[in-house]
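No hydrogens, no waters, no symmetry mates; every other heavy atom, side chains included, goes into these values. Chain identifiers are assigned alphabetically (A, B, ...) following the order of the sequence lines, protein sequences preceding nucleic acid strands; residue numbering begins at 1 within each chain.
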Amino acid sequence: MTAERFDPSVADGRWQAAWDEAKCFEADSASEKPKTYVLEMFPYPSGRIHIGHVRNYTMGDVLARYHAMRGREVLHPMGWDAFGMPAENAAMEKGVHPGGWTYDNIATMKGQLKQLGFALDWSREFATCDPEYYGHEQALFIDLFENGLVYRKQAEVNWDPVDMTVLANEQVIDGKGWRSGAEVEKRKLNQWFLKITDFADDLLDGLGTLDDWPQKVRLMQENWIGKSQGLEFSFDLSSGDKLPVYTTRPDTIFGASFVAVAADHPVAQAVAENDATAQEFIALCKRGGTTAAELETAEKLGFDTGITARHPFTGAELPLFIANFVLMDYGTGAIMAVPGHDQRDFEFATKYSLPIPRVVAPSVDEAGKPFDGEAEAGEGVLVNSDFLDGMDVEAAKAEVIARAEKGHWGKGTTVWRLRDWGVSRQRYWGTPIPFIHCDACGVVPVPKDQLPVKLPEDVSFEQPGNPLLRHPTWKNTECPKCGGTAQRETDTLDTFVNSSWYFLRFASQPADKPFDAAEVAQWLPVDQYIGGVEHAILHLLYARFWTRALAHCGKLEVKEPFASLFTQGMVTHETYSRKDGPREVYYTPAEVDRTGNGAVLTADGQPVEIGKVIKMSKSKKNVVDPEDIIRDYGADAVRWFMLSDSPPERDLPWSEAGIEGCGRFVQRLWRLFGQFDDTASGEDKDLARKTHQTIAAVAEDIEALAFNKAVARIYELTSAAEKAKPSADRNHAIRSLLLIASPMMPHLAEEGWSEMGGTGLVAEADWPEVDETLLVEDEITIAVQHKGKLRDTLTAPADASKDDLEALALASEKVQRSIDGAEIRKVIVVPGRLVNIVT
RNA sequence: GCGGGCGUGGCGGAAUGGUAGACGCCGGGGACUUAAAAUCCCCUGUCCUUUGAGACGUGCGGGUUCGAGUCCCGCCGCCCGCACCA
């Protein structure tokens, strides 16, 4: 007889060891089986696993285990995104070495992941800070360089004065460093860049093939790449200069009533040199918020320079303003303003009493229609526009561009928002950029047989700035070309480079090169990639770019690295706090007793305020440590909770009551497994039907990542099996239940399997067969409606004809009472569903 | 402001245009027990002349349909993203 209770503190470790022993989860690239690559975004080794990791990896684990049961060779690897600033911060704060700190954290977190029993192929584990990994990365970087995708330029960059490093445009948030929060300054430095813009069109087109990506992520990337087509041309200014402008609406050129430049445009700067008022205005423009919402609602302001610009068609002299709503870093930093058909221009023209001509109207007859307080940016036909009159917007755009090109005063251009990726970081804990600066030969790549360029161990973090730069000897070397004295590059690569190809290295890890293209082709693209939506733009776009860049260099066949992407929701928890004067003091869930009506602090028995359910964060102290709950409830209860209730893309509110319920269900299943009875025989048709239906439905749910629904179905079958009398069908139900729940609760499944006398490991078992004939009910419940409302339900054979169902429905006493003798005008019969009687 | 998403019991959420509220949590009642824990059973959208062939009910107002949580139009509210993209 089995033990009364399932004891995860014993069972979890036992089965984890058994899986390791049997090497259940090691992927074989040479396998004949069809292959599936399940990948979750690898973690940064910050110290401890947090609950968001647990949710992410549990979802991936269910998929990995499920596909293995379906007979596929599964690659489900894990590693560490191990370079980055926190390690240097720890080094500065605690006086430890970033490497030691990182590897200690990896050891801790690996132990925590092991406790959760994930079906991971640990044989392929690596950290991006392993010299072996970053050495291969250096080789790839040189390949990109040799293929013209890497270059250096003296460029104005975002300088973070706290972290002493350069930030990508993408890493500047509200004018502040995305990590330090410090106000970003502009500085000129010699930087390394990757030519992501070479692939702008391809990256955009590729989005169209990613049908299994969330629409939202595709849209965000599309907007980020930001393709727009229009006309670039120059105005002749009364000052004698030429002013290039860019417009996406060349069709509206006859509606231009003024011209405007950005505050930091050279024309504005020139004006300001001799004009104190202009100077003041420019200073004013630089104040205030820079977010879209702030700018969008801010009042439009302008400064009339007194200069005029000649309209290329009409010859009219348009006033030139410096305006706060024109951006220097998009297009040419100067615009032709068409107030009738652009809302910003409209507001500006209204404020400064400038003309607002109409050049697009619903029809040619409405050329004189007044504006209704706002610009009309939509479709229509051109009016008041000379040779364009009567054309639609698209035709007019083409016509204007054609004339501009013919007259050599402008040309049609495509403008991208996407800019090249600056990858230089003035930092120690990253991949050293494998180049050498020689006075005679210039910038020379390190010969590949000298890779990796390893980071020196003996560095100090007592002063800010780059330790590589002030290291006494490391940077001194000789030129590989001429043998003369030379210096190593002291910049390291952005950590996003590390995560731009790690999924290739997981698939194939030869010692002598970054990866083997043929082996990579066995696994890529990743069948299911899972991670947080916070990586929607940067990481995912860079990874797509690297894949293309490597293909461009002839290293890869794959184009899109991730066939299907899933972005999971956050784990949330309510907050507990008290007011201490103006300050809000927060308490952790562990400090609070929530068993009563409200919440009280265990320490003093006094109530605390229950706040909103929000993302777990250290500052609000609403965090739960995975290790604590694994200890209290076991890995399977924690995994089950992660999959229950909330759809995986939505936020999951953590609750003590919820995890307790999961713990109870683990025991409930365990008791049911104990009722498996070899000696029982006989049929239970209803239960057999329910079993097969559940097996099929759970498979479908898992494949759709609808884990919450799979969970609900497992509860239902459990209840049905509990209530059933012993029979051969009930044994089959119990055994099937164990198998279909095993991807979610693998330890419990193994323990139950061994108790039931199953052979081998569940981790290596097959998904149960479905008897298709049992999926169809032979009796079904039919709803009978009268006037669209439910009046009765009745049971009928599944193959009952429409006439039979109608007769059956009309025979119902309840239905007859509802009809109450009224004339029946129509009867709608949906076989297998309902009968609706219309009177 | 723009773009995207969402709105269903006390809570998390189910529902190919076809019986709204599956399943879980909370809560209530009962059984077992000397007692507790554990477990099991029942109830649990609102209202009403509280068991009845009852009415109402999926943010609000319209519409399409035999039938709308689901589709269409117009609002309101919340969440996420944002780069004034000319």
Side-chain angles (χ1 to χ4, degrees), chain A residues 4-5 169-170 214-217 219-220 222-224 226-228 230-231 245-250 252 260 262 290-298 300 323-327 329-338 341-345 347 377 415-417 533-534 536-537 613 640-641 644-647 649-653 655-662 664-665 667-668 671 706 708-716 718-719 722 781-793 812-820 825-830 832-839:
Chain A
E4 227 166 85
R5 285 184 68 76
N169 286 329
E170 294 91 325
Q215 155 97 26
K216 174 187 172 149
V217 173
L219 195 76
M220 283 164 80
E222 188 182 322
N223 292 339
W224 192 264
K227 181 180 189 173
S228 69
L231 171 70
V245 299
Y246 171 73
T247 177
T248 54
R249 290 295 302 273
T252 62
T290 54
T291 68
E294 280 172 310
L295 291 164
E296 194 72 53
T297 46
K300 303 290 177 280
N324 67 345
F325 67 94
V326 179
L327 296 177
D329 54 5
Y330 181 81
T332 60
I335 61 164
M336 71 166 199
V338 184
H341 307 284
D342 181 287
Q343 185 56 25
R344 290 153 299 167
D345 299 350
E347 287 170 33
V415 168
W416 301 88
R417 183 209 170 270
V533 73
E534 68 273 16
I537 298 174
V613 178
W640 189 250
F641 183 92
S644 303
D645 295 349
S646 290
E649 69 278 11
R650 283 202 222 168
D651 289 350
L652 171 67
S655 80
E656 199 67 24
I659 183 69
E660 278 171 15
C662 294
R664 278 199 298 275
F665 183 64
Q667 299 300 338
R668 197 175 141 198
R671 286 191 299 275
N708 55 322
K709 289 191 240 171
V711 161
R713 292 187 204 282
I714 288 171
Y715 274 117
E716 285 184 59
T718 302
S719 293
E722 281 170 342
T781 308
I782 298 288
V784 184
Q785 296 180 328
H786 172 227
K787 291 193 282 194
K789 283 190 190 286
L790 182 72
R791 300 299 167 181
D792 198 4
T793 56
S812 157
E813 203 180 317
K814 290 180 180 176
V815 172
Q816 281 303 331
R817 266 189 299 229
S818 176
I819 294 170
D820 197 23
R825 295 192 319 191
K826 201 171 177 185
V827 179
I828 286 117
V829 182
V830 183
R833 278 287 181 183
L834 58 65
V835 178
N836 191 6
I837 297 154
V838 188
T839 55

Asker: So what's B:G24 paired with, Watson-Crick or G-U wobble, going by both distances under 3.5 Å?
Answerer: B:C11

Asker: Using 30° and 60° as the class boundaries, would you call the ring planes of A:Phe665 and A:Trp640 parallel, tilted or perpendicular?
Answerer: parallel

Asker: Are side-chain heavy atoms of A:Val533 and A:Lys216 found at a separation under 4.5 Å?
Answerer: yes

Asker: Which whole number of Å gives the distance between the C1' atom of B:C75 and that of B:G24?
Answerer: 35 Å

Asker: Taking any strand in view, what nucleotide pairs with B:G45 in a Watson-Crick or G-U wobble way, both distances under 3.5 Å?
Answerer: B:C56

Asker: Walk me through whether A:Val245 and A:Ile335 qualify under side-chain contact (heavy atoms from CB on, under 4.5 Å).
Answerer: CA-CA 5 Å; A:Val245 299; A:Ile335 61 164; 5.6 Å; no

Asker: For A:Lys826 and B:C66, is the shortest distance between a side-chain N/O and OP1 or OP2 below 4.0 Å?
Answerer: yes

Asker: With a 3.5 angstrom cut-off on both distances, give the Watson-Crick or G-U wobble partner of B:C84, or none if there isn't one.
Answerer: none

Asker: Which whole number of Å gives the distance between the C1' atom of B:G12 and that of B:C26?
Answerer: 11 Å

Asker: Which nucleotide in the list B:A86, B:C23, B:G12 gets nearest to the side chain of A:Glu716?
Answerer: B:C23

Asker: Tell me: CD1 of A:Ile714 to P of B:A22, nearest whole Å?
Answerer: 19 Å

Asker: Send over the distance from A:Ile335 CD1 to B:C84 C1', rounded to a whole Å.
Answerer: 10 Å

Asker: Set out, in order, the CA-CA distance, both residues' side-chain angles and the distance that settles side-chain contact (heavy atoms from CB on, under 4.5 Å) for A:Thr252 and A:Met336, then state yes or no.
Answerer: CA-CA 10 Å; A:Thr252 62; A:Met336 71 166 199; 3.8 Å; yes

Asker: How would you label the glycosidic angle of B:G30: syn (within 90° of 0) or anti?
Answerer: anti

Asker: What does A:Thr781 touch in the nucleic acid at a heavy-atom separation under 4.0 angstrom: a base, only the sugar-phosphate, or nothing?
Answerer: base

Asker: Looking only at atom P, what distance separates B:U46 and B:G28, rounded to whole Å?
Answerer: 16 Å

Asker: As a quick check of understanding, evaluate side-chain contact (heavy atoms from CB on, under 4.5 Å) for A:Asp645 and A:Asn708, giving each step before the final call.
Answerer: CA-CA 5 Å; A:Asp645 295 349; A:Asn708 55 322; 5.8 Å; no

Asker: Checking all strands, does A:Arg713 fall into the base, sugar-phosphate, or nothing category for heavy-atom contacts under 4.0 angstrom?
Answerer: nothing

Asker: From C-beta outward on A:Ser646, which listed nucleotide comes closest to its side chain: B:G12, B:G18, B:C84?
Answerer: B:G12

Asker: Does A:Ser655 put a side-chain nitrogen or oxygen below 4.0 Å from OP1 or OP2 of B:C25?
Answerer: no

Asker: Would you measure the distance from the P atom in B:G4 across to the matching atom in B:U64 and give it in whole Å?
Answerer: 28 Å

Asker: Mind calculating the distance between CG (A:Asp651) and C1' (B:C78) to the nearest angstrom?
Answerer: 13 Å

Asker: For A:Asp342, answer base if it contacts any base atom (sugar-phosphate contacts may also be present), sugar-phosphate if it contacts only those atoms, and nothing otherwise; contact means non-hydrogen atoms under 4.0 Å.
Answerer: nothing

Asker: Scan A:Tyr246 against the nucleic acid and name what it touches under 4.0 Å (heavy atoms): base, sugar-phosphate only, or nothing.
Answerer: base

Asker: Please report the distance separating the P of B:C40 from the corresponding atom of B:U50, rounded so that it comes out in whole Å.
Answerer: 36 Å

Asker: Establish, with yes or no, whether the OP1 or OP2 oxygen of B:A15 is under 4.0 angstrom from a side-chain nitrogen or oxygen of A:Lys709.
Answerer: yes

Asker: Please indicate whether A:Lys814 has more than 12 foreign heavy atoms, meaning atoms of other residues, nucleotides or ligands, lying under 6.0 Å from its NZ.
Answerer: no

Asker: Reading RNA chain B from 5' onward, which residue's closest nucleotide shows up sooner: A:Pro250 or A:Gly226?
Answerer: A:Gly226

Asker: Looking for any heavy atom pair under 4.0 Å, which part of the strands does A:Val838 touch: base, sugar-phosphate only, or nothing?
Answerer: sugar-phosphate

Asker: Go ahead and name the base partner of B:C78; Watson-Crick or wobble counts if both distances stay under 3.5 Å, otherwise write none.
Answerer: B:G5

Asker: From CH2 of A:Trp224 over to P of B:G4, roughly how many Å is that when rounded to an integer?
Answerer: 19 Å

Asker: Side chain of A:Leu219: nearest nucleotide among B:A14, B:U39, B:G4?
Answerer: B:G4

Asker: Looking only at side-chain N and O atoms, does A:Arg344 come under 4.0 Å of OP1 or OP2 in B:A86?
Answerer: no

Asker: Which base, if any, makes a Watson-Crick or G-U wobble pair with B:U39, both distances under 3.5 Å?
Answerer: B:A31

Asker: For the P atoms, the ones on B:A14 and on B:C6, what distance do you get once it is rounded to whole angstrom?
Answerer: 12 Å

Asker: Working note: A:Arg668 + A:Thr718, criterion side-chain contact (heavy atoms from CB on, under 4.5 Å); need CA distance, chi angles, decisive distance, verdict.
Answerer: CA-CA 9 Å; A:Arg668 197 175 141 198; A:Thr718 302; 4.1 Å; yes

Asker: Starting at atom CD of A:Gln343, determine the distance to atom C1' of B:C85, rounded to an integer number of angstrom.
Answerer: 16 Å

Asker: Between C1' on B:A20 and CZ on A:Arg833, what's the gap in Å once rounded to a whole number?
Answerer: 13 Å

Asker: Side chain of A:Pro647 only, heavy atoms from C-beta on: which candidate in B:A14, B:G18, B:A53 is closest?
Answerer: B:A14

Asker: Distance from A:Leu790 atom CG to A:Asn836 atom CG, nearest 0.5 Å?
Answerer: 10.5 Å

Asker: Of all the nucleotides listed (B:C84, B:A86, B:C66), which has the minimum atom distance to the side chain of A:Thr247?
Answerer: B:A86

Asker: B:C26, B:C84, B:U39: which one has an atom nearest the side-chain heavy atoms of A:Asn324?
Answerer: B:C84

Asker: Which of these nucleotides, B:C40, B:U19, B:A86, is closest to any side-chain atom of A:Thr793?
Answerer: B:U19

Asker: Both A:Arg650 and A:Gln667 contact RNA chain B. Taking the nearest nucleotide for each, which residue is further toward the 5' end?
Answerer: A:Arg650

Asker: Tell me: CH2 of A:Trp640 to C1' of B:C23, nearest whole Å?
Answerer: 10 Å

Asker: Which one, B:G18, B:U39, B:A55, comes nearest to the side chain of A:Arg791?
Answerer: B:A55

Asker: Using whole Å, what does the distance between atom P of nucleotide B:G13 and atom CG of A:Asn708 come to?
Answerer: 9 Å

Asker: Between B:C41 and B:C25, how far is it from one P atom to the other, in whole Å?
Answerer: 13 Å

Asker: For the C1' atoms, the ones on B:G67 and on B:G45, what distance do you get once it is rounded to whole angstrom?
Answerer: 22 Å

Asker: Rounded at 0.5 Å granularity, tell me how far NZ in A:Lys826 sits from CD1 in A:Ile837.
Answerer: 13.5 Å

Asker: So which nucleotide does B:U64 pair with, by the Watson-Crick or G-U wobble rule with both distances under 3.5 Å?
Answerer: none

Asker: Taking the minimum atom-to-atom distance to the side chain of A:Arg664, which one of B:G13, B:C25, B:C84 wins?
Answerer: B:C25

Asker: Considering only B:G24, B:C66, B:C80, which nucleotide approaches the side chain of A:Lys216 most closely?
Answerer: B:C80

